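Bear in mind that the values here come from a model prediction, so they are computed numbers and not experimental data. Residue numbering restarts at 1 for every chain, and letters A, B, ... go by the order of the sequence lines. As a basis for the values below, the full set of heavy atoms in this structure was taken, side chains included, without hydrogen atoms, waters or symmetry mates.
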Number of protein chains: 2
Amino acid sequence: MSTRQRVRPGGRSARVQASVHTAVRELLEERGREALTVPLVAQRAGVTPSTIYRRWGTLQELLSDVAVERLRPDTAPEDHGDLRSDLTAWAEQFLDEMTSASGRAYIRDALLGDPDGDNAGQCSAYAAEQINVILARAADRGEHGPDVETVMDRIVAPMMYRILFRPAGLDAAYARRLVTELFGGRGKGGQ
Amino acid sequence: MSTRQRVRPGGRSARVQASVHTAVRELLEERGREALTVPLVAQRAGVTPSTIYRRWGTLQELLSDVAVERLRPDTAPEDHGDLRSDLTAWAEQFLDEMTSASGRAYIRDALLGDPDGDNAGQCSAYAAEQINVILARAADRGEHGPDVETVMDRIVAPMMYRILFRPAGLDAAYARRLVTELFGGRGKGGQ
DNA sequence: AGCCTAAAGCACAGTCCTTGCGTTAGCGGT
DNA sequence: ACCGCTAACGCAAGGACTGTGCTTTAGGCT
């Protein structure tokens with residue numbers, strides 16, 4: 001079962017979903033994730049727990065839904081005039097947002113309550129979308145650069161891997177280094 | 001609180017931990033993850049639920065512990081005579097193991113019940129260890145290749161990212177391609 | 001305007017979580 | 001080798017959470 005909700009806007013369902021999502025975000029900030037329970041969220045949202053159980057099934061699936069919504073980029077990547085600057089700026093901002101405690105928590109939540117990998121795929125699609133915008137702009141300028149898959153492999157994947165598995169010592173310099181190495185910086189590879 | 005157990009071997013604690021871990025692995029295979037509950041594991045392991053709650057706190061932290069134990073490589077990477085072959089073989093095997101349904105489940109469990117990122121770091125350390133063995137062997141042969149961090153960024157991270165976020169269409173060819181590109185294959189990067 | 005369906009509320013039963021207290025195993029000291 | 005001491009386990013009970021059958025309501029559709 002996909003957890004993403006497809007409710008028509010304006011109806012009661014939409015109101016319930018919105019108020020539940022809001023309740024989750026508020027309670028996450030106020031009391032932290034450990035303190036969250038379905039009944040607590042239900043009370044804050046002004047619904048009964050059974051409503052949440054029926055629509056989301058599990059607290060984790062609900063959290064996953066909220067997380068994906070929160071991880072959706074709300075703005076197009078900034079235009080700095082050339083591909084490399086755009087990628088660098090985007091990577092720095094991405095890493096900065098995702099490295100924060102709440103950012104990591106959202107990523108983990110998105111991965112967590114996600115039986116069929118649907119929500120995780122959505123997160124990846126968001127990043128790919130942003131990168132596509134950057135690459136398309138570069139193509140319009142006449143620059144020719146890597147394709148999306150390469151950027152995902154060389155920039156996004158390493159950042160995400162470290163965020164998830166080795167969160168210590170991550171900073172903007174790492175993001176810049178990845179971009180530099182992608183652009184033919186002296187990669188240490190090769191034999 | 002770190003969930004990793006530091007019990008002395010031979011004592012009662014060690015016996016309890018072993019029987020609980022075994023119970024988890026057995027029940028995971030028999031009934032699947034959804035059916036797992038703390039009381040169920042406790043019954044199979046021959047302990048009381050409160051013991052599990054006290055030592056692990058949560059089913060997820062327990063699962064995380066078991067997952068990390070299971071993700072530990074039990075054998076040194078094969079020696080194929082040269083660095084590139086070693087890396088390719090290792091990457092193929094790694095991807096194959098991790099792409100399986102149970103492999104992905106273990107990875108997610110390891111990430112999941114892991115408040116301070118301790119278990120996730122351990123997983124990453126396992127991979128780094130294996131790669132270090134491969135690189136050390138290459139150095140002994142007189143080959144000079146990339147350093148560990150580069151291999152983590154270029155091989156491990158992309159595979160893990162796709163396993164977690166885009167599990168569709170992953171195969172050995174992808175692993176080979178990553179190694180090829182690392183070894184100066186025509187990377188599509190650069191402007 | 002009225003029907004009809006999907007979703008929410010209500011209530012209750014079953015399970016799980018959590019903790020206080022007593023007991024025990026086994027480590028360390030003499 | 002014995003004995004005290006501490007950390008860990010078992011037991012039991014209270015409270016909270018999960019999940020479901022049935023009823024009610026909102027709002028889309030003709």
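- The CG-C1' distance, from B/Leu36 to C/dC16, rounds to 14 Å in whole Å.
- At distances below 3.5 Å, not a single donor-acceptor pair connects side-chain atoms of A/Thr88 with backbone N or O atoms of A/Arg176.
- In this structure, the CH2 atom of A/Trp56 is 11 Å from the C1' atom of C/dA7, given to the nearest Å.
- The shortest distance between the side-chain N/O atoms of B/Thr51 and the OP1/OP2 oxygens of D/dC9 is not below 4.0 Å.
- Side-chain contact annotation: A/Asp153 with A/Thr150, donor-acceptor N/O pair under 3.5 Å absent.
- With distances taken from any side-chain atom of A/Arg12 to the nucleotides D/dC9, D/dA26, D/dC17, the minimum falls on D/dA26.
- With rounding to whole Å, A/Gln60 atom CD is found 16 Å from D/dC17 atom P.
- Rounded to whole Å, the distance from CD on A/Gln43 to P on C/dC10 is 13 Å.
- Salt bridge A/Arg44/A/Glu30: present, at least one basic N to carboxylate O contact under 4.0 Å.
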Under 3.5 Å, which N/O atoms of the protein pair with N/O atoms of nucleotides 18-21 of chain C?
{"unit_1": "C/dG20", "atom_1": "O6", "unit_2": "B/Arg54", "atom_2": "NH2", "d": "2.2"}

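- In this structure, B/Leu62 atom CG and C/dC16 atom C1' are separated by 15 Å, rounded to whole Å.
- With respect to A/Glu149 and B/Arg162, a salt bridge is recorded, a charged nitrogen being found less than 4.0 Å from a carboxylate O.
- Distances shorter than 4.0 Å separate some side-chain N or O of B/Thr37 from OP1 or OP2 on C/dC16.
- Each of D/dG10, D/dC9, C/dA8 was ranked by its minimum atom distance to the side chain of A/Val16; first place goes to C/dA8.
- Of the charged side-chain nitrogens involved, none lies within less than 4.0 Å of a carboxylate oxygen, so that A/Arg70 and A/Asp109 do not count as a salt-bridged pair.
- Note on B/Glu181 versus B/Arg177: salt bridge recorded, some NZ/NE/NH1/NH2 to OD/OE distance being below 4.0 Å.
- For B/Arg15 and D/dG10, the CZ to P distance is 11 Å, given to the nearest whole Å.
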